[in-house]
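Given the structure is predicted, the values throughout are model-derived calculations rather than measurements. Start at 1 and go down the list; that is how both ligands and their atoms are numbered. All values below were derived from every heavy atom in this structure, side-chain atoms included, with hydrogens, water molecules and symmetry-related copies excluded.
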Amino acid sequence: MSTESANVDSYLFEPVQLGPLQLANRIVMAPLTRSRAKEADVPSELAIEYYAQRATAGLIIAEATQISPQGKGYVFTPGIYDRAQIEAWQRITEAVHAKGGHIFLQLWHVGRISHPSLQPDNALPVAPSAIKPEGQAYTDDGFVPHVTPRALATSELAGLVEQYRIAALNAQAAGFDGVEIHAANGYLLDQFLRDKTNQRTDAYGGSIANRARLLLEVADAVTSVWGGERVGVRISPLSSFGDIADSNPEPLFKHVVKELSARKLVYLHVIEGETGGTREVPGGFDLQVLRESFDGLFMANNGYDKELAQRALKTRRADLIAFGRPFISNPDLVTRLKTGANLNEPDPDTMYGGGAEGYVDYPTLEQEAQR
Ligand code: PHB
């Protein structure tokens, strides 16, 4: 082994300071919808073991979690808006902390990516503008086409921001180490950012500053609870996931990131390219310009393997690397990356919904050796 590759090998496994937290390594478990919550949007008991098994990640970002019943867009996703949910999350954060790990919660409102059957009183999903998304919602009756959402009134937006603040407080009560604001993947905050989905004529639509306003108000509300040093944001500037697009994403996201940086957020989590797809989007821009506008840590995500991750860290294109699918099937991903062991492949049939199978039964290297 050359000296250079020996050096390259250490980057992922170096400790890193994230606000007040010392992370054991630069490997992050990305937020992953696993659709195993119970009635009333309460996280499953199995989630305690699932997250604890993955506590050797430098940081776990728990799955997207709705801030309100209206924020829900899929069956079996968890919430953080009532007592039973807080108590269930508390058992999860305790189990992760007992293993020496750190865990953030991802705060989620799906906006138009929902369906009346998932909404309180079968109401229409809400959105910046009444524009129907292509595609289908995952409901109790399986996949059904999306509907035309109801445009939120200006007078409703302060209440929405307040729901984010309360969800942030609830996450604190549940013992999380911090929170991530979900502003990616075509959900509500992303719908406000982009001009394909935001055609408002009030102070929350039109100019870049106006379209960024809701996200920045949410960032202010959430940092008022946690301080910037325990708040991150996830964005996906080049993704079309959720039937989203913008006519000119580079100046939009430069503005967003500059403003988030001014609020001293601890990290910027960027999905590079299409969510779960290609990293190279035709007509895209170099996302490193966002790193240059942001003073905190840069967390990169999308299709990373060990080599790509080490190279990104070595060339300082990222400070942290978030792995999604590899963490589904490799609870000991950190050890496997370190030792160069084979990775288990995730089974697509058990990614969403169901119980223990494909959730808490992927073996560690040690367990494989005992078989
Ligand atoms: C999903 O449930 O499929 C999902 C949730 C959140 C995301 C992306 C996908 O950011």
Side-chain angles (χ1 to χ4, degrees), residues 28-37 41 43-44 47 50 60-80 104-115 117-119 125 127 133-140 142-146 164 167 179-194 197 215 218 232-245 253 267-279 281 299-304 322-328 346-354 358-359:
V28 176
M29 178 177 170
L32 294 159
T33 291
R34 303 304 311 278
S35 312
R36 283 164 167 88
D41 303 353
S44 139
Y50 166 73
I60 292 171
I61 304 166
E63 67 213 80
T65 296
Q66 53 264 12
I67 60 163
S68 66
Q70 186 193 63
K72 180 172 179 168
Y74 303 81
V75 278
F76 309 131
T77 57
I80 187 71
F104 273 36
L105 185 64
Q106 195 192 42
L107 302 180
W108 194 28
H109 190 305
V110 298
R112 67 179 192 155
I113 303 297
S114 186
H115 186 270
S117 67
L118 296 162
Q119 291 288 308
E134 290 297 319
Q136 300 190 313
Y138 176 40
T139 73
D140 276 316
F143 286 95
V144 297
H146 286 301
Y164 275 94
V179 292
E180 176 174 283
I181 299 167
H182 194 344
N185 293 341
Y187 297 116
L188 183 71
L189 296 174
D190 205 14
Q191 289 159 28
F192 268 85
L193 292 178
R194 317 257 217 137
T197 42
L215 169 57
V218 167
V233 172
R234 194 177 211 211
I235 57 174
S236 54
L238 301 179
S239 185
S240 63
F241 190 93
D243 188 24
I244 200 113
F253 281 95
Y267 71 75
L268 182 70
H269 184 179
V270 180
I271 300 174
E272 298 169 325
E274 285 289 355
T275 307
T278 179
R279 295 177 48 82
V281 175
M299 184 187 295
N301 171 248
N302 210 20
Y304 277 89
F323 295 86
R325 278 170 294 194
F327 259 116
I328 290 180
D347 175 1
D349 292 341
T350 52
M351 278 189 191
Y352 299 102
Y359 192 50

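Within the structure, the closest approach of Glu63 to ligand 1 does not fall below 4.0 Å when heavy atoms are considered. Between Tyr138 and ligand 1 there is no heavy-atom distance shorter than 4.0 Å.
Below 3.5 Å of separation, one finds an N or O of Thr33 facing an N or O of ligand 1. For the pair Asn185 and ligand 1, the shortest N or O to N or O distance falls below 3.5 Å.
Proximity of Phe76 to Thr33: side-chain heavy atoms (C-beta onward) are nowhere separated by under 4.5 Å.
The two residues Pro237 and Ile271 make their nearest non-hydrogen contact at CD-O, 4.1 Å. Closest heavy-atom contact between Pro78 and Pro43: CB-CG, 4.1 Å. When all heavy atoms of Glu134 and Asp243 are compared, the pair lying nearest together is N-OD2, 2.9 Å.
With Gln106 as the fixed residue, the side-chain contact (heavy atoms from CB on, under 4.5 Å) test singles out one of Glu63, His182, His269: His182.
In this structure, the protein non-hydrogen atom closest to atom 9 (C) of ligand 1 is Tyr187 OH, 3.5 Å.
Near His182, with a cut-off below 4.0 Å to any heavy atom, the atoms of ligand 1 are 6 (C), 7 (C), 10 (O). Proximity to Tyr352 (heavy-atom distance under 4.0 Å) selects the following atoms of ligand 1: 3 (O).
Under a cutoff of 6.0 Å and an axis angle of 45°, Arg34 and Tyr359 do not form a cation-pi pair.
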